[in-house]
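Reckoned from all heavy atoms, side chains included, excluding hydrogens, waters and symmetry mates.
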Amino acid sequence: MDSLIISMAIVPGVVAFLLLLVFTYLHEQSRQPYFRAWQVGWGAFTLHYALQAVGALEGETALGSFLTSLLLVVMAVSIFVSTRLMK
């Protein structure tokens, strides 16, 4: 069970966190508003995987399931917003 949690929640969560750091760096360098939208999206995706890992370790709840789904919606909306912010 532990290797399943690592492969399905922790490793993608770490990758999402690294991408959050990359977009934070890009936003600091250029101050383009669409990079801020990408930051929000990758931050939501990181939290999504963190909540998935917690749910797998401690047991899935209705609130946890709702929040993980909501964070995926935030990711999708931030991608949409970022396309609107590009010139």
Side-chain angles (χ1 to χ4, degrees):
M1 183 70 172
D2 290 334
S3 64
L4 182 66
I5 294 170
I6 289 172
S7 66
M8 294 198 59
I10 295 177
V11 172
V14 169
V15 171
F17 180 71
L18 291 175
L19 283 167
L20 170 65
L21 293 178
V22 166
F23 281 103
T24 300
Y25 173 77
L26 291 173
H27 178 71
E28 291 294 321
Q29 294 299 313
S30 69
R31 295 288 181 190
Q32 295 295 325
Y34 55 87
F35 286 133
R36 180 67 71 186
W38 278 102
Q39 273 184 295
V40 170
W42 284 110
F45 211 48
T46 302
L47 289 175
H48 163 78
Y49 280 116
L51 286 176
Q52 264 191 339
V54 168
L57 290 173
E58 296 182 1
E60 190 70 32
T61 63
L63 179 62
S65 178
F66 173 74
L67 288 176
T68 57
S69 298
L70 183 65
L71 288 169
L72 284 179
V73 171
V74 169
M75 175 66 173
V77 169
S78 70
I79 291 171
F80 176 75
V81 168
S82 72
T83 61
R84 295 295 170 192
L85 291 174
M86 291 185 75
K87 296 177 184 173

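- The shortest heavy-atom contact between P33 and L85 is O-CD1, 3.6 Å.
- There is no path of hydrophobic side-chain contacts, each under 4.5 Å, that joins L47 to M8.
- Closest of all the heavy-atom pairs between G41 and M75 is O-SD, 2.9 Å.
- The side chain to side chain contact (heavy atoms under 4.5 Å, CB included) test with L51 is passed by exactly one of L70, T46, L71: L71.
- Linking Ile, Leu, Val, Met, Phe, Trp and Tyr residues whenever their side-chain heavy atoms come within less than 4.5 Å leaves V15 and V54 in two separate clusters.
- Considering only heavy atoms from C-beta on, F35 stays 4.5 Å or farther from T24 through its side chain.
- Put simply, V40 and V77 are part of two different groups of oily side chains (I, L, V, M, F, W, Y) that touch within less than 4.5 Å, one to the next.
- In this structure a side-chain-to-backbone donor-acceptor pair under 3.5 Å is present from T83 to F80.
- Side-chain contact between Q39 and H27 is present, with at least one heavy-atom pair separated by less than 4.5 Å.
- The two atoms that bring G13 and Y49 nearest to each other are CA-CB, 3.7 Å, heavy atoms only.
- Relative orientation of the W42 and F23 rings is parallel, given thresholds of 30° and 60° on the angle between their planes.
- Using cut-offs of 30° and 60° for the angle between ring planes, the F45 and H48 rings count as parallel.
- The OG1 atom of T68 lies 9.5 Å from the CG atom of L63; values are rounded to the nearest 0.5 Å.
- Atom CZ of R84 has 12 or fewer heavy atoms from other residues, nucleotides or ligands within 6.0 Å.
- Residues V14 and F17 are members of one and the same hydrophobic cluster, defined by side-chain heavy-atom contacts under 4.5 angstrom among Ile, Leu, Val, Met, Phe, Trp and Tyr.
- Using a 4.5 Å cut-off on side-chain heavy atoms (C-beta onward), L21 and Y25 make no contact.
- Expressed to the nearest 0.5 Å, how far CD1 of I79 lies from OH of Y34 amounts to 15.5 Å.
- A53 and I10 get closest at one heavy-atom pair: CB-CG1, 4.4 Å.
- What you find for V81 and A37 is that their closest heavy atoms are CG1-CB, 4.2 Å.
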